[in-house]
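Heads up: the structure comes next, in structure tokens.
Numbering starts at 1 and runs along the sequence shown. Quick note: numbers below take in every heavy atom, side chains included, and nothing from hydrogens, waters or symmetry partners. All values derive from a computational prediction rather than experimental measurement.
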Amino acid sequence: MIFLRGRHGLSVIPLFLLVGDLRLSQVVEQQAGTVKWLRSANWFVFQSPMTAFSFVIFLGAAFAETNRTPFDLPRRSRKLAGGY
């Protein structure tokens, strides 16, 4: 469980480097508005390949913490083999 939280923490580092501040209110202010050429929200996931990669890592770690299907299979097979 600790390595998943480590991935969460490491995945937000490029976001804070891009903003230049650790305050969440500053992150929200930087993402306000829209991008004219994209015609969508000014999210950091669209601004840099590094932030898009960080988003994928964060999303994968979030799914792994919920113990959903691809991540809970090893634990489930141990329970089946153990007779639980």
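- Taking every heavy atom of both residues into account, Ala52 and Val45 meet most closely at CB-O, 3.5 Å.
- Interatomic distance, OG of Ser25 versus CD of Gln30, reported as 10.5 Å (0.5 Å rounding).
- Atom CZ of Phe53 has 12 or fewer neighbouring heavy atoms from other residues, nucleotides or ligands inside a 6.0 Å radius.
- Taking CG of Leu15 as the reference point, atom CG of Leu17 lies at 9.0 Å (rounded to 0.5 Å).
- The shortest side-chain heavy-atom distance between Val27 and Gln31 falls under the 4.5 Å cut-off.
- For the side chain to side chain contact (heavy atoms under 4.5 Å, CB included) criterion with Thr51, the lone passing option out of Val56, Val12, Leu18 is Leu18.
- For Leu10, the side chain to side chain contact (heavy atoms under 4.5 Å, CB included) partners at least two apart in sequence or on another chain are Ile13.
- Between the CZ atom of Phe55 and the CE atom of Met50 there is a distance of 16.0 Å, given to the nearest 0.5 Å.
- Closest approach of Ser54 to Ser11, counting heavy atoms only: CB-O, 3.1 Å.
- Side-chain N or O atoms of Gln26 include none that pairs as donor or acceptor with a backbone N or O of Val19 at under 3.5 Å.
- With a 6.0 Å radius and a threshold of 12 heavy atoms from other residues, nucleotides or ligands, Phe44 has its CZ atom above the threshold.
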